[in-house]
Amino acid sequence: MDARRAQFARHLARRRRLRLLLVCVALAAACGTTAGIIGPRILIGGMSVVRPGSQPQAEPPLRAKAPEAAAAPFDLALQLGLDPREQQANAIRWKSMVPEARRDLLDRYWSLAAMDPDRRQSLVRKYEEFRSLPEERRRFLRDRAQTLREFVASLSPQDQAVLEGMGDEARARRVLELWQARYGQW
């Protein structure tokens, strides 16, 4: 009888270990899924990480931070008026990005966060104006911007350095001159 009890006890112990292992695996999968869904929103600012009146837990990356401005996360999704479908599409797009592209977007985010609040608000207003345009016009403008990016990338390093040192209006005039010199009428 004692051998049967010992065998039954070993059987129960194995079942407990198996159940504990299954619970651990399920909990790890749930945590990973939650982090995958919420992670991009926390990193990019769709969800506030810092409560009002409290100190931030983590500093933004130092290389992307402007030395004169202490950038703090801000609720960009709320300012831009993104609907949940856009936020979900952005989260999916974030997961499919390579780490270098993610780093570039985070650098752009922190430079936006470090920007003067009036300038940032002006950019948000311009984006709202862009979103209010018809889809056909937005597609045309995106295509035009992509064409300009490719054109500027095709310029010599000297021309690109000169363009980087110019102000916005002077840079636009110079790009237009270079375009017309290469292709003719804009």
Side-chain angles (χ1 to χ4, degrees), residues 36 39-47 49 56 58-83 85-186:
R41 295 183 67 206
I42 290 172
L43 289 173
I44 295 182
M47 183 183 300
V49 182
E59 286 291 316
L62 293 177
R63 69 183 183 114
K65 218 171 139 177
E68 66 276 358
F74 58 98
D75 202 353
L76 188 59
L78 184 63
Q79 285 184 355
L80 295 177
L82 297 179
D83 67 20
R85 291 175 301 194
E86 289 174 306
Q87 289 180 356
Q88 183 179 17
N90 289 343
I92 292 169
R93 200 172 302 126
W94 177 264
K95 286 180 188 178
S96 67
M97 295 174 104
V98 294
E100 295 81 25
R102 288 182 183 182
R103 180 77 252 159
D104 290 342
L105 279 179
L106 285 173
D107 288 345
R108 289 173 59 191
Y109 170 79
W110 285 111
S111 67
L112 185 65
M115 195 178 285
D116 176 47
D118 294 333
R119 172 95 169 110
R120 183 173 54 235
Q121 201 55 33
S122 170
L123 288 174
V124 169
R125 276 193 302 275
K126 287 180 181 179
Y127 181 71
E128 288 170 354
E129 290 173 14
F130 174 76
R131 287 183 56 166
S132 68
L133 294 173
E135 179 61 32
E136 184 178 301
R137 178 73 176 154
R138 284 187 288 178
R139 190 175 305 116
F140 169 77
L141 291 173
R142 282 188 187 112
D143 291 344
R144 176 68 59 95
Q146 181 63 32
T147 303
L148 282 172
R149 267 193 298 276
E150 292 169 357
F151 172 70
V152 170
S154 73
L155 295 174
S156 69
Q158 296 83 5
D159 285 334
Q160 289 181 13
V162 169
L163 288 173
E164 286 179 18
M166 295 179 161
D168 291 342
E169 289 183 31
R171 183 181 314 116
R173 271 190 241 106
R174 182 65 182 149
V175 167
L176 186 59
E177 290 170 4
L178 292 170
W179 178 278
Q180 289 174 342
R182 185 181 292 181
Y183 298 115
Q185 191 62 24
W186 173 250

Looking only at side-chain N and O atoms, does Arg149 offer a donor or acceptor that is under 3.5 Å from a partner on Gln146?
yes
Does any donor atom in the side chain of Gln160 or Glu164 lie under 3.5 Å from an acceptor atom in the other side chain?
no
Check the surroundings of atom [atom1] in [X]: do more than 12 heavy atoms from other residues, nucleotides or ligands lie under 6.0 Å from it?
| X | atom1 | value |
| --- | --- | --- |
| Arg138 | CZ | yes |
| Arg119 | CZ | no |
| Glu136 | CD | no |
| Glu169 | CD | no |

As an exercise, state the distance from [atom1] of [X] to [atom2] of [Y], rounded to the nearest 0.5 Å.
| X | Y | atom1 | atom2 | value |
| --- | --- | --- | --- | --- |
| Arg173 | Asp168 | CZ | CG | 11.0 Å |
| Leu123 | Asp116 | CG | CG | 10.5 Å |
| Arg144 | Leu148 | CZ | CG | 7.0 Å |

Close side-chain approach of [X] to [Y], heavy-atom, < 4.5 Å:
| X | Y | answer |
| --- | --- | --- |
| Val175 | Met166 | no |
| Lys126 | Phe130 | no |
| Phe140 | Leu133 | no |

Does the pair Asp107 and Arg103 meet the rule for a salt bridge (Lys or Arg N to Asp or Glu O under 4.0 Å), with working shown?
CA-CA 6 Å; Asp107 288 345; Arg103 180 77 252 159; 3.1 Å; yes
Tell me whether Ser122 contacts the main-chain N or O of Asp118 through its side chain, where contact means a donor paired with an acceptor under 3.5 Å.
no
Do side-chain atoms of Arg102 reach the backbone of Lys95 as a donor and acceptor pair under 3.5 angstrom?
yes
Please name the pair of heavy atoms, one in [X] and one in [Y], separated by the smallest distance, quoted to 0.1 Å.
| X | Y | result |
| --- | --- | --- |
| Ser111 | Arg108 | OG-O, 2.8 Å |
| Arg182 | Ser154 | NH1-OG, 2.9 Å |
| Leu163 | Arg171 | O-NE, 3.0 Å |

When you check the gap from the basic side-chain N to the acidic O, do Arg174 and Glu177 get nearer than 4.0 Å?
yes
Is Arg139 salt-bridged to Glu135, cutoff N-O under 4.0 Å?
yes
